[in-house]
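Not measured: the values here are computed from a predicted model. Throughout, numbering of the chain's residues begins at 1 and tracks the sequence. One-based numbering, in listed order, for ligands and for the atoms of each.
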Amino acid sequence: MAVPTNGNGHYDWAKEVKEFDETKAGVKGLVDAGVTKLPRLFVHPRDKLESHPQIKSTDGVKIELPTIDFEGVKDGGARRREVVEEIRIAGQEWGFFRIVNHGIPLHTMDAMLDAVRRFHEQPTEEKMPLYSADSRKKVRFNSNNGPLRENESASWRDILTCVFQDDHLDPEDIPLACRREVQEYVKCMIELRETMAELLSEALGLNSDYLSRMECMKSEALACLYYPTCPEPEKTLGTPKHSDTTFLTLLMQDNIGGLQILHDDKWADVPPVHGALIANIGDLMQIISNDKFTSVEHRVVAQAVGPRISVACFLMPSQRAAGKPFGPIKELVSDENPRIYREFMFREYYEYYKTKGQHVNSALPHFWISKE
Ligand code: OGA
Ligand code: NI
């Protein structure tokens, strides 16, 4: 693709965005068209690509994400207390952990990954009607999950988003290529969400039903991600550095790898483990926990191998909960642990995130209590 220019011969970012959007074919469309050079729109500034050193396996440093085994957790007793303690530590120190024996059948997970691939690999014409950056649409297909900010680089991936508001989405609205699998997978996510809500409540020292009664995780935005092979992976990113805007995210990745988390200010790989899920604390959970849990920045590198498929289940508040103010849970605030964040409405939070852009640092300071 020729580099779009304006009348003065300068690179015209807006024109390239418009041309790319008009194809409605996503990044996969570029790959199908046989691009061998990364289009300028997808080139990320070097300082963003190299924001932190990367831990390589050759460094001899092995960073091992905590793995939490949910076997026997529903039986209560000593095992449950152990798991709660493991979650407390992982949520505080890592913000990310793996879950095994979570109860979701392997065939449900594999069928979901296959279905996501099927959706993205069907003829472009089938996907085009869903192409949209309008975040009010419950089901939408695009590459950047909303409009790019002025001069922002695009990412090397396509997304199908399905939003289950208050656990509900009309099945007719889900693309046929993955309808059955998405419904089944969300059912499993809701079940695991209930368990997670109990365990996280207990890890915060609250009653088991505390977070569930808050309804802070009662909606799911399912991001069905497709990272095509990339001709110049070192110049771009699959997903740029960010922290999740959620309460909690439950992530499934296929066997390709590419996810990295920022640990001790270095990028650490999170290698895939078949059958495991990854849970990560989102910004809203960090806020209501008054920093007892940490929302950690992460990214996905672009690769010459692929496509890579992952499914992120973003747990967000119910409509009712979104209508009430959020802030640190009062039981977690004391003279020794003074409140760090002010109260705000979910709408304010959401609007702030939408205008903030992907390439700036954490949004949390915006909600800090002003220091007197
Ligand atoms: C995200 C995300 C990771 C992945 O979509 O927020 O971090 O592995 N995805 O795709
Ligand atoms: Ni994320």
Report summary line: In this structure, the Ni ion (ligand 2) sits at the vertex of an angle between NE2 of H298 and NE2 of H242 that rounds to 10° as 90°

**Report entry** Name of the residue among R80, R98, R79, R81 meeting salt bridge (charged side-chain N to carboxylate O under 4.0 Å, His left out) with E86
**Finding:** R79

Query - Rounded distance [0.5 Å steps], CZ in R140 versus CG in L130 - result: 11.0 Å

Report summary line: re atom 5 (O) of ligand 1, the protein heavy-atom contact at minimum distance is F314 CZ, 3.5 Å

**Report entry** N, O or S atom within D244 nearest to the Ni ion (ligand 2), by name
**Finding:** OD1

Requested in this report: Give the numbers and elements of all ligand 1 atoms closer than 4.0 Å to a heavy atom of S310.
Outcome: 4 (C), 8 (O), 10 (O)

Report task. Check each heavy atom of R308 against ligand 1 and say whether those closer than 4.0 Å belong to the side chain, the backbone, both or neither. Result -> side chain

**Report entry** Between CG on residue N280 and CG on residue L251, distance to nearest 0.5 Å
**Finding:** 7.0 Å

Query raised in the report: Are H102 and F70 near enough that their ring centres are under 6.0 Å apart?
Result: no

**Report entry** Whether R157 lies under 4.0 Å from ligand 1, heavy atom
**Finding:** no

Query raised in the report: Heavy-atom contacts under 4.0 Å between T249 and ligand 1: side chain, backbone, both, or neither?
Result: neither

Report task. Find all atoms of ligand 1 within a distance of less than 4.0 Å from any non-hydrogen atom belonging to L225, and give their numbers and elements. Result -> 5 (O), 10 (O)

Report task. Please work out whether the ring planes of F367 and Y349 are parallel, tilted or perpendicular, with thresholds of 30° and 60°. Result -> tilted

Report task. Test side chain to side chain donor-acceptor pair (under 3.5 Å) on Y210 and E198 and set out the steps. Result -> CA-CA 8 Å; Y210 199 104; E198 287 181 15; over 6 Å; no

Query raised in the report: Can you tell me how far the CD atom of E194 sits from the NZ atom of K218, to the nearest 0.5 Å?
Result: 7.0 Å

Query raised in the report: N/O of Q253 under 3.5 Å from N/O of ligand 1, yes or no?
Result: no

**Report entry** Nearest neighbour in protein (non-hydrogen) for atom 3 (C) of ligand 1
**Finding:** V300 CG2, 3.6 Å

Query raised in the report: Hey, does T239 come in under 3.5 Å of ligand 1, counting only N/O atoms on both sides?
Result: no

Query raised in the report: Non-hydrogen atoms of H242 versus ligand 1: any pair closer than 4.0 Å?
Result: yes

Query raised in the report: Does D254 use its side chain to pair, donor to acceptor, with the backbone of I309 at less than 3.5 Å?
Result: yes

Report summary line: For L251, the atoms of ligand 1 under 4.0 Å from one of its heavy atoms are 3 (C), 4 (C), 8 (O)

Query raised in the report: Atom CZ in R308, atom SG in C230: separation rounded to 0.5 Å?
Result: 14.0 Å

